[in-house]
Amino acid sequence: MEQYDSLIVGGGIAGLQAAIQLGRYEHRVLVLDAGYGRSTLCKSYHNLLGWPDGVSGDELRRLGKLQAEKLGVSFVIDEVVQAVNKGKPGDGFELWGKSGKSYEAPTVLLATGLMDRMPELSKLKACLGLTVYVCPDCDGYEIRNRQTIVMGSGDAGAGMAVKLSDRTDKLIYVNHGHRVISKELLEQLRQKRITYVLEDIQEVIAEEGQGAFRGVLLTNGERIEAERGFIAFGGNEVKSDLARQLGAERMENRHIMTDPRSKMTSVPFLWAAGDVGVHAEQVTIAMGEGAQAAIWMNKALTMLKEEANVNRVIVRS
């Protein structure tokens, strides 16, 4: 089995930034990437320094992988499904992928992210990041003064509509799934004059091949036109099961707890970065956390190598 200094689980934004930083320290690094993730769905990020016209998640991942490979970082397409701590701190970790292969290293970074829950509606994913959004902080700017449909469910969708009301007064909230909304949020929808529709969505209306959202067709046959859309269904999947297997502390919502300075989890030599942690769902923050974790992983690897050298000297003497 090939030996690595660090294993990075997740080839998204946080994982790639960490890989680049660790590669620059000249460590032996392997990125284990399932080949898909939240960033692969986004057709354009609009709030990144240096990309005023936007950049897709796929393009960021492509460029990041090329940059890391130039630094000697290795990549493999495999989905890690099992993880064990091999013993006392410093002994390392062993991970197994769906491929049946195992991987070992003394340090591991979990950059496994999360996935938004959304119904399987035709043409919806083709619009993500272009005219349909998930993050009000990232993309609230994109809907200013535009006719916008919030496609959501229950309180999650209602809360999103209320939050977006300072960006546009042309909001419609479609409660797909007919989940109950709290009296407080119903009152806020009324006060902010947000149109509330209790009906399921049959399909998204969009221009073929352009990702241009044009509205929704409801199951009752009604067509609602709009220029922009937001999704908010709640119950996003936080991909932190490997942290659970390794005994790392998690919050009730399954996000991984980390040290704010180092991004190390409660398990020594195990780090987490990006949306799988106590997250802000921002690409720029994921980048920063990836680099931050890598800096402290380098410190740990340097310490482990120094200890190994001391032990060799003792044995020889």
Side-chain angles (χ1 to χ4, degrees), residues 37-39 41-42 45 47 112-125 127-144 146-204 213 215-220 224 226-240 250-256 274-283 285-286:
R38 202 179 197 213
S39 56
L41 295 177
C42 185
Y45 293 108
N47 63 338
T112 42
L114 61 80
M115 288 294 287
D116 298 273
R117 188 175 74 87
M118 66 184 84
E120 289 296 328
L121 297 171
S122 63
K123 302 179 183 178
L124 176 58
K125 289 182 179 179
C127 297
L128 291 177
L130 295 173
T131 52
V132 175
Y133 315 103
V134 300
C135 175
D137 298 305
C138 306
D139 296 306
Y141 180 84
E142 306 303 323
I143 71 164
R144 62 200 189 286
R146 293 180 182 271
Q147 184 85 4
T148 301
I149 296 174
V150 175
M151 297 167 278
S153 188
D155 282 354
M160 178 68 79
V162 169
K163 190 166 187 176
L164 292 170
S165 61
D166 63 345
R167 292 294 193 171
T168 179
D169 58 2
K170 304 170 185 177
L171 277 170
I172 302 165
Y173 169 38
V174 179
N175 186 357
H176 180 88
H178 300 225
R179 288 196 176 183
V180 175
I181 301 176
S182 69
K183 291 181 179 179
E184 293 78 9
L185 279 171
L186 280 172
E187 177 60 21
Q188 289 182 60
L189 291 174
R190 186 192 66 79
Q191 289 179 355
K192 294 180 179 294
R193 298 182 180 179
I194 297 169
T195 301
Y196 175 46
V197 178
L198 185 63
E199 190 65 51
D200 286 343
I201 300 168
Q202 180 173 311
E203 65 180 60
V204 166
F213 180 76
V216 297
L217 178 66
L218 304 179
T219 52
N220 64 4
I224 303 177
E227 301 170 89
R228 296 289 185 268
F230 256 86
I231 60 171
F233 291 92
N236 293 343
E237 179 189 2
V238 183
K239 293 182 173 294
S240 62
R250 301 188 298 173
M251 298 178 68
E252 290 183 4
N253 61 9
R254 299 187 65 193
H255 287 284
I256 303 171
D275 287 348
V276 75
V278 182
H279 67 304
E281 298 190 24
Q282 292 275 336
V283 170
I285 291 175

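The model shown is predicted, which means the values in this text are computed figures rather than measured ones.
- Across all their heavy atoms, Glu199 and Leu218 have their closest contact at CG-CB, 3.8 Å.
- Put simply, the side chain of Val204 reaches to within 4.5 Å of the side chain of Met151, judged on heavy atoms.
- Across all non-hydrogen atoms, the minimal contact from Gly234 to Ala156 is N-CB, 3.7 Å.
- Taken from CG in Asn47 to SG in Cys135, the straight-line distance is 7.5 Å, to the nearest 0.5 Å.
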task = Apply the test side-chain contact (heavy atoms from CB on, under 4.5 Å) to residues His255 and Val276: give CA-CA distance (whole Å), side-chain angles for both, the deciding distance (0.1 Å), then the verdict.
result = CA-CA 5 Å; His255 287 284; Val276 75; 5.6 Å; no
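- Within the 4.5 Å cutoff, no side-chain heavy atoms of Leu130 are placed close to those of Phe213.
- Using a 4.5 Å heavy-atom threshold, the side chains of Leu121 and Glu203 count as separate.
- Screening Leu171, Ile181, Ile172, Val150 for a side-chain contact (heavy atoms from CB on, under 4.5 Å) involving Tyr196 leaves a single residue, Ile181.
- Summarising the geometry of Ser240 relative to Ile256, their closest heavy-atom pair is CB-CG1, 3.7 Å, with the distance given to 0.1 Å.
- Residues Pro136 and Leu164 form a side-chain contact, since some pair of their non-hydrogen atoms from C-beta on lies under 4.5 Å apart.
- For the atom pair Asp116 CG and Asp275 CG, the distance stands at 8.5 Å (nearest 0.5 Å).
- Each of Phe230, Tyr141, Tyr45 was scored for a ring pair (Phe, Tyr, Trp, His ring centres under 6.0 Å) with Tyr133, with one residue passing: Phe230.
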task = Could you go through the side-chain contact (heavy atoms from CB on, under 4.5 Å) check for Glu227 and Thr131 one step at a time?
result = CA-CA 7 Å; Glu227 301 170 89; Thr131 52; over 6 Å; no
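- A donor-acceptor pair under 3.5 Å is formed between the side chain of Asn236 and the backbone N or O of Arg117.
- Nearest heavy-atom pair across Met160 and Val134 is CE-O, 3.5 Å.
- Listed by first and then second residue, the side chain to side chain donor-acceptor pair (under 3.5 Å) pairs that reach into residues 147-172 come to none, sequence neighbours excluded.
- Within the 4.5 Å cutoff, side-chain heavy atoms of Leu124 are placed close to those of Ile231.
- Residues Ile224 and Ile149 are in side-chain contact: their nearest non-hydrogen atoms beyond the backbone lie under 4.5 Å apart.
- Under the 3.5 Å distance criterion, with hydrogens and angles disregarded, no donor-acceptor pair is assigned to the side chains of Gln202 and Asn220.
- In this structure the side chain of Arg228 never reaches within 4.5 angstrom of the side chain of Val132, judged on heavy atoms.
- No side-chain N or O of Glu184 forms a donor-acceptor pair with one of Gln188 less than 3.5 Å apart.
- In this structure the side chain of Asn175 never reaches within 4.5 angstrom of the side chain of Val197, judged on heavy atoms.
- Between Lys239 and Glu237 there is a salt bridge, since at least one side-chain N of the basic residue sits less than 4.0 Å from a carboxylate O of the acidic one.
- Contact record, Pro119 with His176: CB-NE2, 4.0 Å, taken as the closest heavy-atom pair.
- For Arg179, the CZ atom is loosely surrounded, since the number of other residues' heavy atoms within 6.0 Å does not exceed 12.
- Of all the heavy atoms in Glu281 and Leu114, the pair that sits closest is OE2-CD2, 4.3 Å.
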